[in-house]
Each structure stands twice: as structure tokens, then as C-alpha cells.
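Heads up, the thing below is written out as C-alpha cells.
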Amino acid sequence: MGYNRLDMSEYRPQAIEEKWQQRWRDSRAFEVTEDRARPKFYCLEMFAYPSGHAHVGHVRNYMIGDVMARTKRMRGFNVLHPFGWDAFGLPAENAAIKNGIHPETSTLANIAHMKGQLQRLGISYAWERELATCMPDYYRWNQWLFLRMFERDLAYRRRSTVNWCSSCQTVLANEQVVDGGCWRCHTLVTNRDLEQWFFRITHYADELLSAIDTLTDWPEKVLTMQRNWIGRSEGARIRFPLVDPSGTGGSTDIEVFTTRIDTIYGATFVLLAPEHALVERLAAESADPASLRASADRFRRQERSARITGDAEKEGFSTGRFALNPFTGEQVPIWVANFVLGEYGTGAVMAVPAHDQRDFEFATKYRLPIRVVIQPEADGAQPLDAAVLTAAYSEPGRVVNSGDCSGLWSTDALVTMAEMAERRGIGQRTVQFRLKDWGVSRQRYWGTPIPIIHCAACGLVPVPDDQLPVELPRITEFTGRGDSPLASVPEFVNVPCPRCGAPARRETDTMDTFVDSSWYFYRFCDAKNSTQAFDPATVAYWGPVDFYSGGVEHAILHLIYSRFFARVFRDLGMVNHGEPFARLLTQGMVLKDGAVMSKSKGNVVDPDDMIRKYGADALRLYVMFVAPPEKEVEWTDAGLEGAFRFLMRVWRFVQAWREAVARASGDAIAAGSLSDAERALRRKTHDTIRRVTQDIDPRVHLNTAVSALMELVNELYLFSEQHTTAGATTRRMEEGLAVAGERPETVAVLREAIEALVLMLSPFTPHMAEELWEGLGKSGGIVVEPWPSFDPEVARADEVVVPVQVNGKLRGRITVPADCDEDTIRAAALADPAVAVHTAGRTVKKVIVAKGKLVSIVVQ
RNA sequence: GCGAAAGUGGCGGAACUGGCAGACGCGCUGGACUUAGGAUCCAGUAGCCGAAAGGCUGUGGGGGUUCAAAUCCCCCCUUUCGCACCA
């Protein structure tokens with residue numbers, strides 16, 4: 001066959017990919033140890049929930065990290081790039097309830113499958129450090145940390161109203177309630193009173209907020225979301241004494257939280273949340289307890305569902321009782337209102353209808369008094385009149401009708417009146433956070449057992465460290481009932497109290513899986529440690545994570561919890577930094593038919609299908625090229641074909657020149673005198689090195705890095721066609737043309753270009769790059785090869801083309817020496833015939849020379 | 001409602017500090033090579049006028065700053081995302 005030679009050199013990705021993956025595995029190419037002589041780079045992608053199958057959205061995230069890791073490695077960094085599994089969680093348990101397969105069985109099977117998928121992509125993971133959070137050698141450290149937090153009062157137990165998902169039959173953290181529904185199944189969330197374990201994240205609320213300013217390499221969007229979530233507001237707590245109906249002085253106060261104490265003279269009633277503790281007492285003391293209780297009950301139930309429909313009508317009822325406004329000394333009515341939140345502030349507010357829109361609506365509806373205490377002073381502002389007010393005025397202004405404070409500017413009154421309250425002992429300034437303590441109890445099986453024993457005599461007794469881990473018992477039946485499944489395992493529950501030896505009961509709740517994911521990045525540094533969670537010295541070397549990428553859906557949950565845990569570990573003396581992730585990249589999702597890929601929608605693109613068709617390298621290249629990493633993209637098969645075509649183009653070109661280039665001497669460039677075309681090709685090569693290097697790091701514009709490589713390949717084809725004796729690449733291959741006739745200089749510049757191309761391609765398409773590199777006669781593999789270096793001398797053009805504008809319009813282009821001075825450029829621009837046409841007969845008023853960029857001529 | 005980000009060819013996108021708008025790719029059109037081409041190579045591809053040279057218009061809309069604006073400022077429109085009675 002005449003086409004034998006072409007067949008021999010055809011690009012067959014599958015065989016190549018298997019070969020190199022095997023070599024990397026055999027040589028443990030991506031395992032690392034601490035090496036203080038080299039700068040470290042900790043590159044991490046958010047570990048995976050083993051749902052069963054990876055889709056191309058996963059692929060995109062892992063590729064971003066792999067390009068960074070591989071590039072950094074070539075640039076001399078000691079790169080830690082690990083991977084693992086967020087293996088506990090509800091779906092596995094739900095599946096068990098449905099089909100009877102034990103969560104451990106399905107989880108391990110899913111991990112095995114997904115691991116295979118990822119390995120077929122050739123990601124440069126240090127697989128030796130792989131971890132799965134469902135393994136006792138991982139979760140025992142969750143338990144260890146829980147106990148340290150318990151000792152420090154950072155983990156505590158209290159009865160509380162919790163978010164309850166009736167479908168998942170479990171408690172949800174506030175962060176897991178989305179639009180009033182369960183974040184996972186969207187079922188309407190209801191309330192339930194349970195004894196729950198909490199982590200005191202609010203202890204770090206101020207620091208978690210203020211340190212956001214130090215996260216300069218995080219997306220602004222994520223920082224804003226975290227700021228809002230923590231929600232700090234400065235204000236005051238003020239006590240309104242409850243007026244006893246019998247007239248005798250009661251000792252009860254209603255404490256309200258306000259950020260607008262400057263309006264307190266306008267507080268004409270007090271509002272309680274339906275959940276407020278006083279509501280039950282006032283009901284009991286009222287004439288008709290049953291009716292008040294029923295109304296409060298109705299509000300409590302309404303609360304959650306109202307959020308979904310958006311704005312529930314503001315409703316309330318009077319308790320028939322009064323409180324004393326401590327500033328005015330007036331008796332003000334106490335109402336219960338559905339829009340007052342029990343869990344924020346004190347669960348009670350002073351209502352100032354003239355200056356708060358919600359209070360205004362409420363007062364209008366129920367004909368409660370409205371009193372203006374702030375007057376606007378803007379130009380042309382009409383004085384407010386309570387009788388004709390149509391909306392609350394909530395801007396700053398002049399304080400009026402407010403005793404000694406009248407006449408103050410409202411923002412000053414904020415301070416003055418708070419001080420007055422403190423002096424009089426009726427309140428104090430406080431900072432209130434929206435962030436609440438993290439409820440970590442889950443009444444589920446597939447999670448970390450909480451290492452606490454309940455003893456009738458001793459109370460809450462921690463499991464001694466030397467008895468960790470408390471292993472999950474193997475249970476065989478999954479019913480999905482509301483109680484913790486662990487409660488049905490007597491040999492697990494019934495234990496002697498570690499302190500007094502009396503019969504006691506184990507805690508049967510398990511931990512929220514977000515506990516697992518809040519510190520796994522430390523475990524990766526020292527994944528096999530069997531005596532501690534990690535060696536602090538090792539984490540001191542690797543930490544913090546330098547580059548972290550994952551979905552924006554973790555902007556608050558995982559990323560706040562991890563920042564919290566970093567501080568807990570810091571205060572335990574185990575890490576020396578506060579922020580665990582120096583740089584964060586939130587990658588955009590990959591959509592198919594405009595929707596997120598999911599099994600139920602049937603629009604999942606399986607990477608294995610793509611690998612079978614085009615190879616892993618084409619898939620990798622495509623997902624990097626299609627758009628900037630942060631952007632959402634729509635999957636198209638045509639785009640993947642384009643990436644594959646490009647790789648074939650590279651492959652053919654390198655094959656065509658392989659032998660000639662492998663034999664070439666590197667001296668030819670230095671010794672010989674280059675033709676213009678050869679110099680231009682060198683320039684393109686070095687300019688491409690510069691662009692690709694910067695595009696990858698620090699810019700992480702991986703799509704433009706790829707396009708720069710495509711440009712270089714286009715240039716190489718043109719050069720081969722026009723400036724070599726062999727001519728067109730295809731013919732050269734088909735006819736098996738000899739290479740002997742080529743100028744040594746030509747081969748030398750081609751060699752430089754091809755080598756740089758293959759090296760720079762290697763983070764994107766590592767298998768093909770390795771294969772080509774080997775074909776070029778190189779040994780040792782690209783993974784140990786240094787990144788090509790850019791020579792600004794070579795990249796600099798001798799001549800540059802400078803566009804010339806006349807009155808802002810492009811009129812000509814001049815070619816001048818690159819080191820030309822301004823006067824010469826100006827003269828050349830004015831002399832250019834195309835420019836002269838537009839300046840003829842006019843006065844040149846101004847000539848601006850933007851060095852190396854453009855000449856701008858202003859004429860009149 | 002509040003907050004954030006973004007609007008560029010038929011499509012994905014590029015344009016780094018204000019300096020040639022549309023790189024690179026997809027798609028489309030034409031040509032070469034071919035028994036054939038859905039392979040490959042070459043060329044063209046924002047709109048309008050023009051045979052061409054060239055000219056005019058153009059980065060959601062309107063205004064402004066500047067020699068020069070996709071980029072900076074003001075107003076408006078649209079989309080996406082986040083928060084959503086937080087007192």
C-alpha cells in the first residue's frame with residue numbers, strides 16, 4: 001500500500017493514553033514528599049461525591065487543576081495534587097432504603113468506577129494519598145476533632161427548633177435550606193424541636209468576616225456572598241419592662257434588638273416573634289389562652305412556607321398587654337407578628353412605624369399609632385406628617401420629638417442614645433450576626449458517629465481518645481424512619497459509661513457530612529498518618545492550599561465551614577495560618593441543552609464515551625478551550641471534534657518533521673544566519689511561550705493559552721508550506737520525502753518551535769505530548785522536563801507595524817524599526833501617503849505617539 | 001426589594017494598563033487534491049455601499065470625559081446569579 005507511511009503515523013489516542021497512564025503509574029510520577037529546597041504548590045480541586053458516574057462537568061473542574069499542577073511542576077514547583085472522595089451522605093443511604101444495597105457497598109463501587117473514569121483522563125493525581133471520608137481511618141479524626149471542640153465548648157448540645165426535611169427524614173443546617181425547601185430534594189422544610197449538637201461557628205463570626213478582606217485572590221462574588229451570610233449589624237439591645245396587668249411592678253423585661261435606637265422615641269408598639277418564650281406566658285395569662293395559642297401556632301407553621309411564596313401578608317394579633325418604652329415612659333401595646341424572626345436578635349423588636357417600612361405597613365393595617373421622630377433635611381424636603389404618611393422614612397435626618405436628643409443628627413443620636421441607655425442600665429450596644437451556630441446532628445446512618453456517651457449520672461461523657469474510632473456498626477435494614485438508624489443497634493447503643501462504668505447509651509446521631517469536607521485538605525498533606533489527624537510540620541510545609549477550584553455552589557457552605565475549621569486547628573496549635581485557601585477559582589458548569597447535567601434529565605455526557613471516540617486528550621483540550629474556566633458553557637460535540645482535528649494537525653506536523661528535527665543540531669541557530677522567515681518563526685515561538693506561560697499562570701485564562709498554541713501550529717504549517725524545500729506537510733508525509741535537503745537553520749528553528757509546542761501542550765494533552773516527545777528522541781518523559789523559557793530578545797521584532805489615526809479614524813499603517821524614537825515615528829506617520837491624503841490642506845494640531853502602539857494625528 | 005456580575009459576528013469567545021474591535025475555534029462559502037469526501041490542505045466569512053481601491057456604520061440603548069472608549073463616568077434596558085421581612 002502506498003499509504004503505509006501515513007497509516008503508521010496515524011494518531012490513535014486510546015493506545016497512547018493507556019501506555020502513558022501505565023508509565024506514570026509505574027513510576028509514581030506524581031507522588032511527592034516535602035522538599036524544603038523547592039517552592040511548594042498545593043493544587044486542589046474539590047473532592048468528589050461518589051455519585052456513580054463522573055460527567056464532563058467534573059472533567060472540566062479536574063482539568064483546570066491538572067493544567068495548573070502540570071505547569072507548576074514543569075516550572076520547578078514541588079506540586080501536591082491529591083484526590084479523594086466525600087463518601088458519606090444521604091444519597092447512598094436513600095438508595096439503600098430504596099433498593100436494599102448497603103451504603104458502603106454502593107459507595108465503594110461508585111468510587112471504583114469514578115476512579116477509573118478519572119484515571120482514563122490522565123490527571124496527574126498523587127493517587128497514593130487518595131482518601132474516602134467513609135473509612136474509619138479518616139472519620140476517626142472527625143471524632144477526635146469533635147472531642148477537642150467539645151472540651152473547648154466549641155461543640156455543644158442544646159434543645160432547639162431545627163429545620164426538618166420530612167422527605168429525607170433529617171435535620172438540615174440553615175445553610176442547607178434553600179428557598180424554604182431542602183437543598184437536596186426541595187421538600188418544604190418544617191420545624192421540629194430536638195436535642196441537637198452544634199458547632200459554635202459564631203465564636204469566629206467577627207474574624208470570619210473581617211478576614212474576608214485578606215482573601216484577595218478569591219472571586220468577589222463569593223466574598224460578597226460570605227459577607228452577606230455572616231451578616232454583621234451593629235446595634236443595641238434595649239429592655240422594655242413588661243407592665244403587669246394587676247398594676248404591680250413585674251420583674252419581666254422584653255429585650256429588643258435594634259439598629260436604629262435613634263428612632264426609639266417613635267417606638268409606639270412592641271412586636272414578638274411567634275416563637276418568643278413570652279408568647280406562651282402572655283397567652284396563659286390572657287382572657288382567652290386557647291385563641292392566642294392557636295394564632296401563634298398558625299404563624300409558626302406559616303413561617304417557612306411563606307418564604308417560598310415570597311411576601312406573605314404581614315399579620316399579627318394583640319396580646320392585650322403593654323410594655324414601657326424606657327425612653328418615652330409611655331405604655332406601648334405588645335403584639336405578636338408573623339414577620340418577626342424568632343432566631344434573629346432577641347426575637348422581639350420595637351416597632352417604629354414612621355421610620356421602618358414593615359412596621360409602617362403593620363401599623364397602618366392595625367391602626368396602631370405612628371409618630372415621626374426623624375425629619376429629612378434635604379433641599380426641598382417637606383416635613384413629614386404622621387397623619388398623611390404613605391411610606392416609612394428610613395433615611396438619616398434631624399431627630400425631633402425625642403426629649404433631650406431632639407435636634408441631634410440621627411447618626412449622632414445613634415451613639416448618644418446608646419450611651420444613655422447604657423448609663424441608665426436599660427440596655428447595651430451589641431453586634432448581631434445573621435450567622436448562626438452550625439447544627440451538625442443528623443438522624444441518619446451513613447455518617448460519622450458522634451463520639452459521646454450519655455450517662456444518667458455523669459451526663460455527656462466523651463469517648464476516650466484511645467477508644468476512637470467509634471466505628472459505624474454494620475446494619476442490614478434501612479427503613480428511612482425518623483429516628484437515627486443507629487438507635488436500633490443495641491450492641492452499639494448500650495455501653496458502660498467510660499467515667500463511672502454504669503450502663504449508659506451512646507449518642508446515635510451522626511455528623512453532617514460537611515464536617516468531613518471541612519478539613520480533608522489537611523489530611524491530604526499527611527494522608528496515611530495513623531497517630532494524628534495530620535502532622536503539623538507537614539501541613540506547615542504544604543499549607544495553605546495555593547490553588548483551589550470547584551463549583552460556586554460551595555461559596556457559602558463548604559467554604560465558610562473550612563475557614564472555620566482552619567481557625568479551630570490554628571487555635572489547637574496544629575496549623576499556622578488562618579485562611580486555608582489562598583486562591584479560589586469557581587468554575588462554571590457544563591450544560592447540555594441549556595440544563596445542568598443530571599441522570600434524571602438524561603442529558604449526561606459521559607467522559608468515557610468521548611474518550612472512546614476522540615481520546616482523553618481531545619476531551620481535555622476541548623473543555624479547556626471552549627470558554628474561560630469561570631464561565632458556564634454549553635456542551636457541543638462539534639467543538640470536541642474541532643479539538644480532535646487540531647490534535648491530528650499537531651500530530652501530523654510533528655510526525656512529518658520528527659526525523660529531521662531529532663537529528664538536528666541546536667547550534668545551527670547560533671551559528672547560522674537566519675532568513676527573514678526563520679527569524680519570524682522564532683519570534684512567533686518565543687512570543688507564544690510568553691503568552692501561554694502568562695495565560696496559564698497567573699492569569700488562568702486557559703482558553704486563550706490554547707488559542708495561542710493553535711496560532712503557533714497555523715504558523716508552522718504556513719512556514720512548512722512556504723519556506724521549506726519539502727513543502728506542504730501532507731505531501732511530505734504521504735510521499736515520505738527525504739529531509740536531507742533542508743537548510744540546517746530551517747530545521748533548527750522548526751525544532752525549537754516543535755519542542756516548545758509539545759512542552760506547552762503537555763499540561764493540556766499530556767499523553768500525546770509524551771508520545772511526541774519520545775518520538776523526538778527524548779527520554780525521561782515530559783513530566784520531568786522544564787517548562788520552555790522565553791527569550792525577550794528573540795521575541796522582539798526588528799520592525800513593527802504602527803497604525804496611524806487621523807482624527808480618531810484609522811488611516812494608515814507604517815512600518816518602522818522597533819527601537820525607533822518618537823520623532824522618527826511622527827515624521828514617518830505624517831509622510832505616509834495614505835495618511836497624507838487626510839492631512840492635506842489641513843492644519844496638524846497635535847500628534848500623539850503611543851509608544852509601540854499607535855500614532856494619533858489631530859487635524860483641523 | 002437589596003446586592004453582585006455580565007451584555008461584542010450565525011455560535012463559543014478574544015482584545016492584559018483606554019491605543020488597529022472580532023484573535024482562536026465552531027459553522028458556513030469557494031478552491032485544490034480525489035472514483036468519492038462527512039478526510040486533508042489553501043482561501044474567504046461583522047453590516048452597508050462599491051467591479052476594485054476604498055468609504056461609511058458597528059461592542060444592549062442614550063449621554064459624557066478623551067487625540068483615542070468594548071474598556072472610564074452618569075442615566076436607562078435586558079439577562080444571570082446570590083440574599084430575601086435580619087429590625
Side-chain angles (χ1 to χ4, degrees), chain A residues 6 179-180 219-229 231-233 235 256-260 263 267 271 303 306-307 310-312 314 337-341 343-346 348-352 355-359 361-362 394 432-434 552-553 555-556 622 625-628 630-634 636-643 645-646 648-649 652 691 694-695 699 701 703-711 713-714 717-718 721 728-731 733-734 801-813 834 837 845-859:
Chain A
L6 182 63
D179 288 336
E220 194 55 45
K221 177 194 172 80
V222 174
L223 300 181
T224 305
M225 284 167 70
Q226 292 215 353
R227 278 193 195 97
N228 292 342
W229 192 261
R232 181 181 200 272
S233 38
V256 303
F257 173 73
T258 179
T259 55
R260 289 296 304 272
T263 64
L271 293 173
E303 179 88 12
R307 282 194 186 156
D311 37 9
K314 288 180 180 44
N338 63 347
F339 67 90
V340 178
L341 304 175
E343 69 268 23
Y344 184 77
T346 61
V349 300
M350 62 178 211
V352 186
H355 305 293
D356 181 282
Q357 186 58 26
R358 293 156 301 182
D359 299 345
E361 288 169 25
F362 195 83
S394 51
Q432 184 65 44
F433 290 96
R434 217 185 74 112
V552 71
E553 65 272 19
I556 22 195
Y622 169 61
F625 174 64
V626 66
E630 295 86 349
K631 277 209 66 160
E632 204 166 77
V633 293
E634 173 72 26
T636 65
D637 288 356
L640 176 56
E641 277 173 43
R645 270 204 293 274
F646 169 72
M648 288 204 295
R649 219 164 127 78
R652 277 196 306 271
R691 282 171 62 190
Q694 286 178 4
D695 276 353
R699 297 181 74 204
H701 286 200
N703 55 326
T704 53
V706 175
S707 33
L709 291 170
M710 289 173 166
E711 280 185 50
V713 171
N714 290 345
Y717 266 79
L718 276 180
E721 174 93 26
T729 304
T730 313
R731 198 175 75 240
M733 289 180 65
E734 288 175 359
V801 176
V802 179
V804 182
Q805 293 182 344
V806 179
N807 284 356
K809 284 196 168 48
L810 181 69
R811 296 302 184 185
R813 288 191 173 81
V837 170
K845 291 194 68 179
K846 205 195 256 188
V847 180
I848 292 144
V849 179
K851 197 111 187 55
K853 284 178 181 163
L854 154 150
V855 179
S856 184
I857 299 168
V858 188
V859 297

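Side-chain atoms are counted along with the backbone in the values below, which use heavy atoms only and exclude waters and symmetry mates.
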Just call it for [X]: base, sugar-phosphate, or nothing, with non-hydrogen atoms closer than 4.0 Å on any strand.
{"X": "Pro219(A)", "answer": "nothing"}
{"X": "Asn703(A)", "answer": "sugar-phosphate"}
{"X": "Arg811(A)", "answer": "sugar-phosphate"}

Want to settle it: does Val626(A) or Val855(A) sit nearer the 5' end of RNA chain B, counting the closest nucleotide to each?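 Result: Val626(A).
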With nearest nucleotides of RNA chain B determined for Ala348(A) and Val552(A) from heavy-atom distances, which residue corresponds to the more 5′ nucleotide?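 Looking at RNA chain B, the more 5' nearest nucleotide goes with Val552(A).
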Applying the Watson-Crick and G-U wobble criteria at under 3.5 Å, what pairs with [N]? Answer none if nothing qualifies.
{"N": "C67(B)", "value": "G19(B)"}
{"N": "A84(B)", "value": "none"}
{"N": "U78(B)", "value": "A6(B)"}
{"N": "G44(B)", "value": "C28(B)"}

Measure the [atom1]-[atom2] distance between [X] and [Y] for me, rounded to the nearest 0.5 Å.
{"X": "Leu854(A)", "Y": "Arg813(A)", "atom1": "CG", "atom2": "CZ", "value": "10.5 Å"}
{"X": "Asn807(A)", "Y": "Lys845(A)", "atom1": "CG", "atom2": "NZ", "value": "10.0 Å"}
{"X": "Asp359(A)", "Y": "Leu271(A)", "atom1": "CG", "atom2": "CG", "value": "6.0 Å"}
{"X": "Met350(A)", "Y": "Thr258(A)", "atom1": "CE", "atom2": "OG1", "value": "3.5 Å"}
{"X": "Lys809(A)", "Y": "Ile857(A)", "atom1": "NZ", "atom2": "CD1", "value": "14.5 Å"}
{"X": "His701(A)", "Y": "Ser707(A)", "atom1": "NE2", "atom2": "OG", "value": "11.5 Å"}

Run the ring-ring contact (aromatic ring centres under 6.0 Å, His included) test against Phe625(A) and tell me which residues pass, sequence neighbours left out.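 Testing Phe625(A) for ring-ring contact (aromatic ring centres under 6.0 Å, His included), a comparison that skips the adjacent residues, returns none.
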Considering all heavy atoms of both residues, which atom of Glu634(A) and which atom of Tyr622(A) are nearest to each other, and what is their separation?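 Distance-wise, the nearest heavy atoms are O-OH, 3.9 Å.
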Quote, to the nearest angstrom, the [atom1] distance that separates [N] from [M].
{"N": "G44(B)", "M": "C26(B)", "atom1": "P", "value": "16 Å"}
{"N": "A69(B)", "M": "G64(B)", "atom1": "P", "value": "13 Å"}
{"N": "A5(B)", "M": "U29(B)", "atom1": "P", "value": "42 Å"}
{"N": "G9(B)", "M": "G25(B)", "atom1": "C1'", "value": "14 Å"}
{"N": "G3(B)", "M": "A84(B)", "atom1": "P", "value": "16 Å"}
{"N": "A4(B)", "M": "C75(B)", "atom1": "P", "value": "13 Å"}
{"N": "A15(B)", "M": "U59(B)", "atom1": "C1'", "value": "11 Å"}
{"N": "C16(B)", "M": "U71(B)", "atom1": "P", "value": "12 Å"}

Whole angstroms only, please: what is the [atom1]-[atom2] distance between [X] and [N]?
{"X": "Asp356(A)", "N": "G1(B)", "atom1": "CG", "atom2": "P", "value": "18 Å"}
{"X": "Leu810(A)", "N": "C56(B)", "atom1": "CG", "atom2": "C1'", "value": "14 Å"}
{"X": "Glu721(A)", "N": "C33(B)", "atom1": "CD", "atom2": "C1'", "value": "12 Å"}
{"X": "Glu343(A)", "N": "C85(B)", "atom1": "CD", "atom2": "P", "value": "9 Å"}
{"X": "Arg232(A)", "N": "A87(B)", "atom1": "CZ", "atom2": "P", "value": "13 Å"}
{"X": "Gln357(A)", "N": "G1(B)", "atom1": "CD", "atom2": "P", "value": "13 Å"}
{"X": "Leu341(A)", "N": "A84(B)", "atom1": "CG", "atom2": "P", "value": "10 Å"}
{"X": "Leu709(A)", "N": "A14(B)", "atom1": "CG", "atom2": "C1'", "value": "15 Å"}

Could you tell me whether G9(B) is syn or anti, where syn means a glycosidic angle within 90 degrees of zero?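 G9(B): syn.
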For [N] and [X] - does any side-chain N or O of the residue sit under 4.0 Å from the phosphate oxygens OP1/OP2?
{"X": "Arg434(A)", "N": "C83(B)", "value": "no"}
{"X": "Tyr344(A)", "N": "A87(B)", "value": "yes"}
{"X": "Arg699(A)", "N": "A15(B)", "value": "yes"}

Lys314(A) to Phe339(A), cation-pi by 6.0 Å centre distance and 45° axis angle: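 Yes, cation above the ring, under 6.0 Å and within 45°.
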Nucleotide nearest [X] (side chain, heavy atoms from C-beta), chosen from [options]:
{"X": "Ala850(A)", "options": "G19(B), U40(B), A87(B)", "answer": "G19(B)"}
{"X": "Lys809(A)", "options": "C56(B), C86(B), C41(B)", "answer": "C56(B)"}
{"X": "Ala627(A)", "options": "G13(B), A84(B), C20(B)", "answer": "G13(B)"}

Mind checking salt bridge (charged side-chain N to carboxylate O under 4.0 Å, His left out) for Arg434(A) and listing every partner two or more places apart, or none if nothing turns up?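 With neighbours one apart ignored, the set is empty.
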Among all residues two or more places apart in sequence or in another chain, which pass the salt bridge (charged side-chain N to carboxylate O under 4.0 Å, His left out) test with Arg811(A)?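 Partners of Arg811(A) under the salt bridge (charged side-chain N to carboxylate O under 4.0 Å, His left out) test: none.
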Spell out protein contact along nucleotides 24-29 of chain B as letters: B when the base is contacted, S when just the sugar-phosphate is, - when no protein heavy atom is under 4.0 Å; keep the 5' to 3' order. BSSS--
Per-nucleotide protein contact string for nucleotides 2-7 of chain B (B base, S sugar-phosphate only, - none; heavy atom under 4.0 Å): -S----
Glu641(A)/Thr636(A) under side chain to side chain contact (heavy atoms under 4.5 Å, CB included): CA gap, chis, key distance, verdict: CA-CA 9 Å; Glu641(A) 277 173 43; Thr636(A) 65; over 6 Å; no
Anything under 3.5 Å between a protein N or O and an N or O of nucleotides 65-68 of chain B, put it in a table, one pair a line.
from, atom 1, to, atom 2, distance (Å)
C67(B), OP1, Lys846(A), NZ, 3.3
C67(B), O2, Ser856(A), OG, 2.5

Side chain to side chain contact (heavy atoms under 4.5 Å, CB included) for Arg260(A) and Val352(A)? Distances and angles first, verdict last. CA-CA 9 Å; Arg260(A) 289 296 304 272; Val352(A) 186; over 6 Å; no
